[in-house]
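A quick write-up on the structure given underneath.
Naming: A, B, ... by sequence-line order, numbering from 1 per chain. Scope of the values below: all heavy atoms of this structure, side chains included, with no hydrogens, waters or symmetry mates.
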2 protein chains.
Amino acid sequence: MYTIRDVAKISGVSKSTVSRVLNNHPYVSFEKRKRVEEAIKQLEFKPNQIARHFRTKRTNSIGIIVSFLAHPYFSELAGALSEECRIHGYNPVLFQTFGDRTQEMDVFKKWKSKELDALIVTSTALTQAELDELSDNGVLTICNEAYTNNKIDVFCLNEKKAAYEGVQHLLNKGRKKVAFCSDDLASPSQQARLSGFKQAHLEMGLTWDDALIVDNISSVTDGYSLGKYYLSFSNSRAKTIDAVFAGSDFVASGFLKAAQHYGVEVPLDFSIIGFDNHPISEVTSPPITTIMNQTKDMAQDLVEVLDMRLLGQDRPFMFKQYNGILIVKGTT
Amino acid sequence: MYTIRDVAKISGVSKSTVSRVLNNHPYVSFEKRKRVEEAIKQLEFKPNQIARHFRTKRTNSIGIIVSFLAHPYFSELAGALSEECRIHGYNPVLFQTFGDRTQEMDVFKKWKSKELDALIVTSTALTQAELDELSDNGVLTICNEAYTNNKIDVFCLNEKKAAYEGVQHLLNKGRKKVAFCSDDLASPSQQARLSGFKQAHLEMGLTWDDALIVDNISSVTDGYSLGKYYLSFSNSRAKTIDAVFAGSDFVASGFLKAAQHYGVEVPLDFSIIGFDNHPISEVTSPPITTIMNQTKDMAQDLVEVLDMRLLGQDRPFMFKQYNGILIVKGTT
DNA sequence: GTGAAAGCGCTAACAA
DNA sequence: TTGTTAGCGCTTTCAC
């Protein structure tokens with residue numbers, strides 16, 4: 001492995017000049033630049049990036065924390081964020097934490113120890129207070145969770161409004177017993193959805209049943225099991241529920257399957273609303289009414305702000321929310 | 001930001017001793033170790049990782065190249081690989097290349113310039129010859145593509161056999177006109193599937209129609225369009241096709257949707273076989289017969305071998321293939 | 001057991 | 001426009 005020393009020797013210039021060529025500095029004579037470039041080619045010299053990072057104290061890398069890459073919403077979001085980072089000349093580095101505090105902390109350590117110039121958090125197991133403590137130095141951005149201190153840029157879906165509109169849509173169709181599914185009720189975003197759910201009821205003068213607020217439901221299988229639990233009674237006695245706000249298209253499709261299993265007609269006797277506008281919501285029969293986030297816009301805005309901050313621009317911290325888009329299909 | 005110098009000063013020892021404590025060296029007196037640890041805590045000292053990497057010429061990071069994270073198979077694979085890396089004490093670093101040569105080359109550069117200790121490639125836009133050139137130094141592992149030089153460890157699905165068994169299953173059901181969908185026919189893995197497709201026909205004394213071998217089909221929408229193209233004729237004239245080997249569950253579900261659109265009975269008049277055993281294959285009606293890969297096993301074996309190599313063990317290069325598992329559901 | 005000293009490969013004043 | 005020099009923070013001989 002050659003170093004700039006070798007290149008300098010071969011091309012008969014100093015290390016500094018080689019370094020200048022490497023960094024596209026002005027003030028290098030055409031002739032010397034030429035000689036250096038030739039030497040580089042000849043030796044197949046590759047600058048040691050670690051040494052550069054060490055010296056410059058920048059790695060040009062932006063970490064992206066994601067809980068589950070297998071979750072279609074997050075894989076899409078991670079993809080969009082990565083792409084934007086590249087466009088702005090940064091190296092996106094993805095970290096999958098499985099919602100695990102320890103793993104997440106490891107990534108924060110990397111950021112603290114300057115391995116990462118900036119950090120984008122798309123989901124976190126940490127509390128707002130913990131994040132507040134961490135956010136002092138360096139560029140940290142939250143995407144997806146509506147954390148609201150004033151030391152972090154935050155970009156997220158307006159979960160409350162999205163849920164509100166979805167549930168309102170169900171209630172407008174005459175539904176009265178709507179189940180609410182969540183993958184993790186403790187998280188702020190799920191809490192926001194729940195409050196949208198409640199608001200929709202309140203505004204129409206309706207009540208909801210707390211027993212129908214269910215936690216830890218995230219997969220097709222979860223939706224299927226829960227759906228079977230509720231819908232198996234639907235023929236024999238007063239109906240337990242007549243609609244579900246599923247929280248994800250996977251859960252929604254599980255519910256739909258359960259409905260079909262028990263011969264419950266959708267959307268005639270039962271309504272389903274999903275979340276994410278995943279391809280799965282297109283291929284069921286009927287296709288699933290769902291709520292879509294504006295992921296692409298979010299990623300674009302986010303990285304633009306991040307870039308400015310990294311460039312040293314001092315600007316007020318942002319808190320930007322995006323509206324969910326209700327896409328009515330066949331299940332409502 | 002403090003350095004070991006500061007820690008040394010405070011605790012009244014030399015930099016070397018601090019370094020020894022940091023690296024859990026033996027031969028540090030209990031008493032000095034205690035003092036150093038206290039100073040570290042007091043200053044909230046975090047060793048500069050970049051400096052360590054620079055000095056030791058190791059980053060402890062393993063790069064994982066993935067084309068599309070949004071593709072459920074790859075997100076699952078990437079997840080499994082990341083997890084295994086962690087278990088072995090390495091930092092997995094995911095790179096999404098979108099099948100783009102330039103982006104892929106960027107990652108290879110990182111590896112070459114020692115930013116990454118090893119590289120796992122789950123899909124590549126490079127040819128075997130190009131990879132051969134690159135694989136000289138450092139630890140490179142191919143996962144998923146059956147590249148076969150003897151300078152790389154290779155772990156992959158036996159695509160040919162998997163496709164062979166899938167198509168055989170269709171032919172055994174009496175199907176005669178099977179369409180073959182591929183997302184990228186030029187890739188070795190798709191070529192292997194195609195050869196399995198052909199072998200199944202040959203062994204049963206049947207022929208296939210080259211016009212039914214279709215390229216660039218990967219999404220639900222692609223499958224739906226193609227399905228409509230073929231199935232719209234099925235009532236009015238001699239049937240164009242009576243089955244499809246879809247290449248992915250997404251494509252398969254698009255086909256199923258098209259069949260339902262034209263009132264073609266599945267599996268009575270038309271059979272569909274997908275790939276990946278994605279949740280989507282569970283929620284359609286009927287659920288989609290599919291082929292599953294043993295991702296978890298693959299990831300485990302792979303990282304184990306990688307670890308040994310990184311530990312300096314000299315061992316023959318591996319070429320290990322895994323069998324696909326045919327899961328018969330409702331579409332065949 | 002411990003400390004002094006050298007140096008990893010590079011960049012960035014500073015001087016020329 | 002160029003070279004000399006110092007030094008980033010850490011690990012690792014080597015001598016004691």
Side-chain angles (χ1 to χ4, degrees), chain A residues 1-40 43-61 109-117 137-138 312, chain B residues 1-40 43-61 109-117 137:
Chain A
M1 202 88 274
Y2 296 108
T3 73
I4 49 169
R5 227 188 123 92
D6 302 306
V7 177
K9 204 175 292 174
I10 289 205
S11 47
V13 301
S14 71
K15 286 193 305 172
S16 327
T17 301
V18 177
S19 172
R20 288 190 187 102
V21 172
L22 249 27
N23 293 285
N24 294 313
H25 267 266
Y27 306 134
V28 180
S29 69
F30 178 79
E31 196 246 345
K32 293 210 169 174
R33 162 164 280 134
K34 208 76 195 163
R35 288 210 324 254
V36 169
E37 278 166 354
E38 257 162 39
I40 288 177
L43 297 178
E44 296 192 44
F45 165 75
K46 303 259 178 292
N48 180 326
Q49 295 299 337
I50 301 287
R52 302 179 101 174
H53 296 160
F54 172 52
R55 188 47 236 241
T56 58
K57 300 189 179 315
R58 297 181 92 254
T59 61
N60 219 31
S61 297
K109 267 186 211 151
K110 278 187 199 299
W111 172 56
K112 284 288 183 190
S113 65
K114 303 296 177 196
E115 276 187 271
L116 263 16
D117 287 352
N137 75 357
Chain B
M1 201 89 276
Y2 295 107
T3 72
I4 48 169
R5 225 188 123 89
D6 302 307
V7 178
K9 203 174 294 172
I10 289 206
S11 47
V13 302
S14 71
K15 288 194 301 171
S16 326
T17 301
V18 177
S19 173
R20 287 190 188 102
V21 171
L22 249 26
N23 293 286
N24 294 314
H25 268 264
Y27 306 135
V28 179
S29 68
F30 178 80
E31 196 246 343
K32 294 210 168 175
R33 163 163 280 135
K34 208 75 196 165
R35 283 197 344 241
V36 169
E37 279 165 354
E38 255 162 41
I40 289 178
L43 296 178
E44 295 192 44
F45 165 76
K46 303 258 179 293
N48 180 327
Q49 295 300 338
I50 302 287
R52 303 180 101 173
H53 296 160
F54 172 52
R55 188 47 235 245
T56 57
K57 298 186 180 319
R58 296 182 91 253
T59 62
N60 218 30
S61 296
K109 266 186 211 152
K110 277 186 199 299
W111 173 55
K112 285 288 182 189
S113 66
K114 304 293 178 198
E115 276 187 90
L116 264 14
D117 287 351
N137 75 357

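- When DNA chain D is scanned in the 5' to 3' direction for atoms under 4.0 Å from non-hydrogen atoms of chain A, the outermost contacting nucleotides are D/dT1 to D/dG9.
- The salt bridge (charged side-chain N to carboxylate O under 4.0 Å, His left out) check on A/Glu44 picks up nothing, with sequence neighbours excluded.
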(request) Run the numbers on B/Asn48 and A/Ser113 for side-chain contact (heavy atoms from CB on, under 4.5 Å), then give the verdict. (result) CA-CA 5 Å; B/Asn48 180 327; A/Ser113 65; 5.9 Å; no
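- The stretch residues 21-31 of chain A comes close to DNA chain C through A/Asn23, each having a heavy atom under 4.0 Å from the strand.
- Within 4.0 Å of A/Thr3, counting heavy atoms only, lie sugar-phosphate atoms of the nucleic acid but no base atom.
- Atom CG of residue A/Leu43 and atom CD of residue A/Glu38 lie 11.5 Å apart, to the nearest 0.5 angstrom.
- Every residue two or more places apart in sequence or in another chain that forms a side-chain hydrogen bond (donor to acceptor under 3.5 Å, both in side chains) with A/Asp117 is listed here: A/Thr59.
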(request) Evaluate the side-chain contact (heavy atoms from CB on, under 4.5 Å) criterion for residues B/Ile40 and B/Tyr2: first the C-alpha distance (whole Å), next the side-chain angles of each, then the deciding distance (0.1 Å), finally the verdict. (result) CA-CA 9 Å; B/Ile40 289 178; B/Tyr2 295 107; over 6 Å; no
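- Checked against side-chain contact (heavy atoms from CB on, under 4.5 Å), A/Lys15 has the following partners two or more places apart in sequence or in another chain: A/Ile4, A/Arg5, A/Ala8.
- A search for side-chain contact (heavy atoms from CB on, under 4.5 Å) contacts involving B/Thr56 returns B/Arg58, not counting sequence neighbours.
- Between B/His53 and A/His53, the closest side-chain pair of non-hydrogen atoms is not below 4.5 Å.
- Residues B/Phe45 and B/Leu22 come closest through the heavy atom pair CE2-CD2, 3.8 Å.
- Put simply, the side chain of A/Lys114 does not reach to within 4.5 Å of the side chain of B/Lys46, judged on heavy atoms.
- Within the 4.0 angstrom heavy-atom criterion, no nucleotide atom of any strand lies near A/Tyr2.
- Separation of atoms CD (A/Glu37) and NZ (A/Lys32) is listed at 14.5 Å; rounding is to 0.5 Å.
- Of the residues in residues 52-59 of chain B, those placing a heavy atom less than 4.0 Å from an atom of DNA chain C are B/Phe54, B/Arg55, B/Lys57, in numerical order.
- For the atom pair CG of A/Leu116 and CD of B/Gln49, the computed distance is 11.5 Å after rounding to the nearest 0.5 Å.
- Interatomic distance, CZ of A/Arg55 versus CD1 of B/Ile50, reported as 14.5 Å (0.5 Å rounding).
- Residue whose closest nucleotide on DNA chain C sits further toward the 5' end, between B/Arg33 and A/Ser19: B/Arg33.
- Qualifying side-chain hydrogen bond (donor to acceptor under 3.5 Å, both in side chains) partners for A/Arg52, counting only residues two or more places apart in sequence or in other chains: A/Asn23.
- Atom pair B/Lys9:NZ and C/dG3:P shows a separation of 15 Å (rounding to whole Å applied).
- The bend of the helix from C/dG1-D/dC16 to C/dA16-D/dT1, defined by the angle between the axes of its first five and last five pairs, stands at 30° to the nearest 10°.
- Under the side-chain contact (heavy atoms from CB on, under 4.5 Å) criterion, B/Arg20 pairs with B/Ser16, B/Thr17, B/His25, B/Val28, not counting sequence neighbours.
- At the heavy-atom level, B/Val13 lies under 4.0 Å from the strands shown only through sugar-phosphate atoms.
- In this view, B/Ser11 and B/Val7, B/Val13, B/Arg35, B/Val36, B/Ala39 satisfy the side-chain contact (heavy atoms from CB on, under 4.5 Å) rule, not counting sequence neighbours.
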Expected rows: protein N/O vs nucleotides 13-16 of chain C N/O, under 3.5 Å:
none

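- For A/Ile4 and C/dC10, the CD1 to C1' distance is 5 Å, given to the nearest whole Å.
- As rounded to whole Å, 13 Å separates atom P of C/dA12 from atom NZ of A/Lys15.
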